[in-house]
Enquirer: 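Submitted below is the structure of interest, expressed as structure tokens.
Predicted model, so just to flag it, every value in this text is computed and none were measured.
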Amino acid sequence: MPELPEVEVVRHGLAPAVTGARIERVIVLDARSLKRHDGPAEDFVERLAGAHVAAAVRRGKFLWMPLAIGSAFASSTPESGAFGEPVEALVVHLGMSGQVLLRARDAEVAPLTRLVFDVHHPEHGALRVDFVDQRIFGSMAIDPLQATPDAAAGGHGSPLPLVPGQVAHIARDPLDPAFDEARFLSALRSRRTGIKRALLDQTLVSGIGNIYADESLWAARLHYDQPTSSISTRKARELLSEVRTVLRRALDEGGTSFDAQYVNVNGASGYFSHSLRAYGQQGMPCERCGRLIVREQFMNRGSHFCPGCQRLRAA
DNA sequence: CGTTGGCCCTGATCGC
DNA sequence: TGCGATCAGGGCCAAC
């Protein structure tokens, strides 16, 4: 369930703790959390040991840490110039229940922890990064970096025009300065599917999951199954604007600091439920028209909407 | 090639 | 008290 805002909170909290840090040791408690990794757990562990993290970058719901190369000198940091351009990255996807927790080195390992990273930061000292994931839909991998087709930054958190191969097919998210709005609107129109399915298609626009899809559609007064081809460009622009508003509001409410991330036991979890107007609100009156919010099964997930102001319109 | 349905995965919760 | 059923859904891939 972590979507763009939750993943960004993780990235933002993680970045100051891991940028410039050296990975001293990796412990794989459950190899199923490496299902994205092309190789055995031993390969994952050996390639990370001694590596330096150059940044924490995010595109949509994907997070990655480019690995600096050329650590010939112990005093070198990725900023010192002794490092070359990264060629691979540690890729993270939280899936449904993944959390990345920053801990003290000697802190107790929480239940459901799948991966443990001992890191050493030049300023913050010895730290531990734990990957906790109940449902194991999330996973990590070491993946080669490749150039972005548009030469813009691969994601939020680094100016480098690089993106992991696993993330290359993921569209830029609506908060990315390089998000191509005209291309999105054009692609949306040519789709032959419902609007919610399109919003959830990460190859069209990334970062939106079930919760913020429902919230954005409510804000734009659109039914989840409204055919994309029947939506005017003007209406699609309005929807995109609502998507951005919803994501930004969640970001504002979930924004956290290094210290907060450090002690926050819930890590990436924690939805900003007090601001939800559709998701999980079934049976509650719509804030706009008072009709009761309905929940329907759609795409093997719940869709929450107002039957009064989110009506399916004739194409 | 665009679209769609199915599957993965497990702890918490609920009903009998 | 115990236990089976149910639920949550992002990403990927086979199939159409």
Enquirer: Quick check: does any side chain N or O of R105(A) sit under 3.5 Å from a backbone N or O of V119(A), one acting as donor and the other as acceptor?
Expert: yes
Enquirer: Please check the phosphate of dG11(C) (OP1 and OP2 only) for any side-chain N or O of Q202(A) closer than 4.0 Å.
Expert: yes
Enquirer: Ignoring backbone atoms, test whether H93(A) places a side-chain nitrogen or oxygen under 4.0 Å from the OP1 or OP2 oxygen of dG11(C).
Expert: yes
Enquirer: Taking N and O atoms by type only, does the side chain of R135(A) place a donor or acceptor under 3.5 Å from a partner on the base of dA8(C)?
Expert: yes
Enquirer: Assuming nearest nucleotide by heavy-atom distance, tell me which of Q134(A) and R192(A) is located more 5' along DNA chain B.
Expert: R192(A)
Enquirer: Would a 4.5 Å heavy-atom cut-off, applied to side chains only, mark F117(A) and V53(A) as touching?
Expert: no
Enquirer: Which is true for F298(A) with a 4.0 Å heavy-atom rule: it touches a base, it touches only sugar-phosphate, or it touches nothing?
Expert: nothing
Enquirer: Looking only at side-chain atoms of N210(A), point me to the closest of dT3(B), dG10(C), dA8(C).
Expert: dG10(C)
Enquirer: Within less than 4.0 Å of OP1 or OP2 of dT3(B), is there a side-chain N or O belonging to R197(A)?
Expert: no
Enquirer: Just to be sure I understand the rule, does G138(A) reach a base, reach only the sugar-phosphate, or reach nothing, if contact means heavy atoms closer than 4.0 Å?
Expert: nothing
Enquirer: Which residue lies toward the 5' end of DNA chain C, Q297(A) or I170(A), if each is placed at its nearest nucleotide?
Expert: Q297(A)
Enquirer: On the 0 to 90° scale, with breaks at 30° and 60°, tag the F184(A)-F179(A) ring pair as parallel, tilted or perpendicular.
Expert: tilted
Enquirer: OP1, OP2 of dT4(B) versus side-chain N and O of T193(A): anything below 4.0 Å?
Expert: yes
Enquirer: Is the shortest side-chain N/O distance from H169(A) to OP1 or OP2 of dC12(C) below 4.0 Å?
Expert: yes
Enquirer: Which is true for K61(A) with a 4.0 Å heavy-atom rule: it touches a base, it touches only sugar-phosphate, or it touches nothing?
Expert: sugar-phosphate
Enquirer: Under 4.0 Å between a side-chain N or O of R36(A) and OP1 or OP2 of dC12(C)?
Expert: yes
Enquirer: Between the side chain of Q310(A) and the main-chain N/O of L217(A), is any donor-acceptor distance below 3.5 Å?
Expert: yes
